[in-house]
Trainee: 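Got a structure here, written out as structure tokens. Questions coming.
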Amino acid sequence: MSNEWYTASAPGKFVVLGEHAVVYGKPALVLAMDRRISCSVRRSKRNTLNGEPLDFNRQPHFRYLTRDLRYAMDFVTNSEIPAGSGLGSSAALSAALALALKEESGRQMTEKQLVDEAYGAELYAQGNGSPMDASACVHGGGIAVNLPESTGKHLWNISRGNRSWNVTEMNVPKMTFVVGNTGIRAPTGPLVDKVRRFTNRSHFAVDIVDEIGNITIEGYDALRNNDVETLGRIMTMDHKLLSILGVSCNELNRLVNATLPYAYGAKLTGSGGGGCMVALTDTPEKVASVIESRGGTAYIVQTGSQGARSELEMSTDPLMDIPMDP
Ligand code: MEV
């Protein structure tokens, strides 16, 4: 039995426009960000996670992604992406783990197969949602979903039931975003369910979802033309629409409102209910200090991060690192 370590990592992501509406097949714009999660695997006598016995009932991503394994493994995760914060920690973990397992098995995997694995793990763990996060965390850079006029390279189509998602690459001009974390953990599944219940019983909610789709198309043009003023205005409008859908909260609204005087626009990002907001700005230090002064944690985001990748340069035993909660 080889007990060599195999490590892979994947970036987090933030949504510029279109979260929640994308679940219904509407357009969305997403960027990978320069905070990553890494996952190391090696064959072992028992299944362990970060040095402790692995309880598959509490780790559905691990249960799903190891479903065909015939041997036990040690797993070590290390995360710079806060969990339940809307920054794609679940998709990034799935992508990094799926890739590390593939490397260990010596089998090849296309990017599309990796997305299918990561999206499958997300659906298994949370029961609903679109393949947007998995696509962004696997491919990296910028991703446009269901943009009718997208000029970027076509990556893949994914269908589920009567919904389908056409994913293309998106070239992003240099722009500065600041992410602000409220520190409130809010898992995605219940928020997606909340919007589904609202749209099931209200035409008004369906109209809001449609409108998010419409302004995302406008935002795509603004982004391509490097028109930060229009993009910022549309982001703030999107925040208002998401608030009407019931997925914002006081803490998010407070951070959004506090940053607006120093930003082109700001909005919640990801599933909401807590988690993170994002502001588009020319004065990132000022925006970051405003977020911190309101009790949030700020990350000045470098965009264009590489997608899921193997980490071949493993010099130390990953168990020596103190892992953070995945
Ligand atoms: C979460 O990052 C984005 C949502 O649109 C859910 C999804 O697309 O799966 C809220």
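One-based numbering, in listed order, for ligands and for the atoms of each.
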Trainee: For ligand 1, which atoms, with element, lie under 4.0 Å from some heavy atom of Val22?
Mentor: 5 (O), 8 (O)
Trainee: Hey, does Ser130 come in under 3.5 Å of ligand 1, counting only N/O atoms on both sides?
Mentor: yes
Trainee: Out of all atoms in ligand 1, which are within 4.0 Å of some heavy atom of Glu19? Include the element for each.
Mentor: 5 (O)
Trainee: Which atoms from ligand 1 have a heavy atom of Lys13 less than 4.0 Å away?
Mentor: 2 (O)
Trainee: From the options Thr297, Thr182, Val179, select the one residue that forms a side chain to side chain contact (heavy atoms under 4.5 Å, CB included) with Cys276.
Mentor: Val179
Trainee: Using distance alone, determine whether His20 and ligand 1 share an N or O pair under 3.5 Å.
Mentor: yes
Trainee: Less than 4.0 angstrom from a charged side-chain N to a carboxylate O is my criterion; do Lys267 and Glu19 meet it?
Mentor: yes
Trainee: Who's the nearest protein heavy-atom neighbour of atom 1 (C) of ligand 1, and how far?
Mentor: Asp133 OD2, 3.7 Å
Trainee: Can you tell whether the side chains of Arg197 and Asp193 come within less than 4.0 Å, N to carboxylate O?
Mentor: no
Trainee: Would you mind running through ligand 1 and noting each atom that sits below 4.0 Å from a heavy atom of Val23?
Mentor: 5 (O), 6 (C), 7 (C), 8 (O)
Trainee: Can you tell me which residue and heavy atom of the protein come closest to atom 3 (C) of ligand 1, and the distance to 0.1 Å?
Mentor: Met132 CE, 3.5 Å
Trainee: With Val278 as reference, evaluate Met33, His239, Met235 under the side chain to side chain contact (heavy atoms under 4.5 Å, CB included) test and give the passing residue.
Mentor: Met235
Trainee: Does ligand 1 have an atom that lies less than 4.0 angstrom from a heavy atom of Gly86?
Mentor: no
Trainee: Under 3.5 Å, is there a donor-acceptor pair between the Asp282 and Tyr264 side chains?
Mentor: yes
Trainee: Show which atoms of ligand 1 fall inside a sub-4.0 Å distance from at least one heavy-atom site of Gly270.
Mentor: 2 (O)
Trainee: Ignoring hydrogens and angles, state whether a donor on the side chain of Asn57 or Arg63 is under 3.5 Å from an acceptor on the partner side chain.
Mentor: yes
Trainee: State the atoms of ligand 1, each with its element, that fall below the 4.0 Å cut-off from a heavy-atom position in Gly129.
Mentor: 9 (O)
Trainee: If only side-chain N and O atoms count, and only distance matters, is there a donor-acceptor pair under 3.5 Å linking Asp133 with Ser90?
Mentor: no
Trainee: Taking only Lys NZ, Arg NE, NH1 and NH2, and the carboxylate oxygens of Asp or Glu, determine whether Lys102 and Glu117 approach each other closer than 4.0 Å.
Mentor: no
